[in-house]
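Please read these numbers as outputs of a predicted model, since none were measured by experiment. Labels below follow one simple rule: chain letters A, B, ... track the order of the sequence lines, proteins then strands, and each chain is numbered from 1.
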Protein chains: 2
Amino acid sequence: MSLREERKQKSHQAILDAALRLSSRGRAFSNISLRELSREVELVPTALYRHFKDMQQLGIELLDQTSLHIKSVLNQLGQAYFYQANTRTSTAIELFFQAVESHPEPWLFFISERWGGSDFLRSGIEREVHFLVEDLMHELEKMQSLQQMNAPQDLRGLAQILIDLSLTWAMRWISIQRLPEDIRHSHREACKAQTIIQMQLLLRGILHWQSSSQRTIADHPDSV
Amino acid sequence: MSLREERKQKSHQAILDAALRLSSRGRAFSNISLRELSREVELVPTALYRHFKDMQQLGIELLDQTSLHIKSVLNQLGQAYFYQANTRTSTAIELFFQAVESHPEPWLFFISERWGGSDFLRSGIEREVHFLVEDLMHELEKMQSLQQMNAPQDLRGLAQILIDLSLTWAMRWISIQRLPEDIRHSHREACKAQTIIQMQLLLRGILHWQSSSQRTIADHPDSV
DNA sequence: TGTACATCAGTGAACGCGCGTTCACTGATGTAC
DNA sequence: TGTACATCAGTGAACGCGCGTTCACTGATGTAC
């Protein structure tokens with residue numbers, strides 16, 4: 001690559017990084033101005049037009065990068081957890097929180113903007129979540145330990161709840177970083193413990209699953 | 001109440017309603033300007049200062065109102081579902097979606113701003129979510145059908161997952177309203193079916209729960 | 001009941017400011033010969 | 001290798017616009033007598 005191309009690509013990425021940084025400081029993407037971004041990245045406002053037509057195009061590229069990161073973390077952890085029978089739930093969850101903590105920015109952006117104020121990001125994120133759910137569903141289909149739960153709609157429901165909860169858990173973990181330092185440790189432990197309980201609640205549900213045709217009568221806690 | 005007071009209160013509420021309307025159209029609260037709001041409510045911008053010191057105070061009042069609505073819906077449905085053994089899960093979920101659909105605005109505001117771009121709303125909503133979880137936890141404590149799950153931390157984990165999922169489900173239901181009309185019906189049915197599956201997954205997990213001291217070994221799907 | 005004054009929700013002009021976008025430019029890098 | 005020209009990432013001035021906020025005001029409603 002030529003010197004000029006190299007430098008351009010570096011600026012390009014610096015702008016995206018600066019936008020992610022601003023978003024991670026708790027700003028809604030729809031509320032980040034081009035001029036503010038130009039200050040963050042230390043370029044003149046007009047320079048940004050050499051890289052992006054407008055903030056929307058920038059947002060779409062930012063979503064592409066953050067989605068890729070999230071996909072790779074979830075896939076990696078999913079593989080490790082579901083294909084290694086000796087992986088403890090608590091270990092898997094600790095690995096998850098560790099991954100989130102070491103790069104919280106993509107999670108913050110993805111989760112904040114999921115129901116946030118930009119139409120194009122909202123729909124883009126819903127598409128990405130859909131892909132995550134489909135991928136996970138096909139992974140779950142292959143698992144022998146899920147034989148009692150083989151109906152596609154059951155597996156999709158499970159995949160969806162796992163993705164939704166992952167995002168919720170990630171956000172709760174990140175929120176702890178914003179607390180005063182002296183209480184962080186106890187919150188982290190409580191968060192971990194609670195997440196493990198929730199995951200195990202799901203695992204017990206899976207273990208004792210009956211396909212929908214079998215469970216239409218007894219589906220209330222008091223009626224079983 | 002005097003005529004003047006009455007009219008003032010009416011304007012006051014009209015401003016809050018207009019803000020909720022703008023938020024429901026997909027705008028981030030942090031991105032709603034005082035002038036835009038004044039246009040929506042058909043008052044001159046400066047008139048808003050007679051009612052609110054600034055947008056933050058308005059946001060806090062708006063959060064109070066929306067929280068109250070959400071609390072009352074969740075409490076009502078929770079009572080109906082948990083205290084009537086003959087309430088089918090599918091019926092409870094249909095009632096929930098019906099409640100959300102008839103007044104989607106508070107849910108949209110609450111869920112969008114939960115991880116949104118305003119610090120004061122984020123912390124306010126987290127406080128409200130915490131109250132919801134505590135309330136639900138104490139309701140669950142009283143239930144005889146949850147005797148196998150009586151450790152406080154287990155109940156808190158359950159209450160938290162139920163609240164988090166309620167918000168996720170509400171948002172998914174509302175998102176369907178934004179789709180083209182001809183595919184809405186099928187999406188609604190799929191959403192309902194999937195939500196029922198997810199709720200039943202949790203119910204089976206509850207039924208077969210063992211308190212944490214009993215389950216430290218066998219907590220992986222493949223190891224049981 | 002009628003009058004004189006006080007209150008105060010809402011008005012409209014004015015302000016300074018940050019915004020997105022345009023445009024002509026600069027000067028380092030790339031290309032052709 | 002050296003020269004002459006082309007490209008183009010980044011610059012800086014300028015624009016019109018919507019913003020939050022101030023201020024003096026208006027006129028309907030409330031209050032005191």
**Message:** Less than 4.0 angstrom between a side-chain N/O of S11(A) and OP1 or OP2 of dA9(D), yes or no?
**Reply:** no
**Fill in**
Under a 3.5 Å limit on both distances, the Watson-Crick or wobble mate of dA9(C) is dT26(D)
**Request:** In sequence, state the C-alpha distance, the side-chain angles, and the governing distance for V73(A) and H103(A), and then conclude on side chain to side chain contact (heavy atoms under 4.5 Å, CB included).
**Result:** CA-CA 10 Å; V73(A) 169; H103(A) 293 294; over 6 Å; no
**5' precedence on DNA chain D between S2(B) and R35(B) (nearest-nucleotide basis)** = R35(B)
**Prompt:** OP1, OP2 of dG10(C) versus side-chain N and O of H51(B): anything below 4.0 Å?
**Reply:** yes
**Prompt:** Phosphate oxygens OP1/OP2 of dT7(D): is one of them under 4.0 Å from a side-chain N or O of R50(A)?
**Reply:** no
**Message:** Could you tell me if the side chain of E139(B) sits less than 4.5 Å from the side chain of Q79(B), heavy atoms only?
**Reply:** yes
**Prompt:** Of the nucleotides dT11(D), dT21(D), dA9(D), which has the atom closest to the A47(A) side chain?
**Reply:** dT11(D)
**Item:** Heavy-atom side-chain proximity of Q177(A) to H187(A) below 4.5 angstrom
**Value:** no
**Message:** Is R4(A) close enough to dA28(C) that one of its side-chain N or O atoms is under 4.0 Å from OP1 or OP2 there?
**Reply:** no
**Request:** Looking only at side-chain atoms of L43(B), point me to the closest of dG20(C), dG10(C), dA9(D).
**Result:** dG10(C)
**Among dT11(D), dG20(D), dG20(C), the one nearest V44(A) by side-chain distance** = dT11(D)
**Request:** Using a cut-off of strictly less than 4.0 Å, decide whether T46(A) has a side-chain nitrogen or oxygen near OP1 or OP2 of dT11(D).
**Result:** no
**Request:** Among dT29(D), dC19(C), dA9(D), find the nucleotide with the atom closest to the side chain of S33(A).
**Result:** dC19(C)
**Message:** Could you check whether R188(A) pairs with E101(A) (Lys NZ or Arg NE/NH1/NH2 to Asp/Glu carboxylate O, under 4.0 Å)?
**Reply:** yes
**Request:** Figure out the CG/P separation between N31(B) and dG20(D), and round it to whole Å.
**Result:** 11 Å
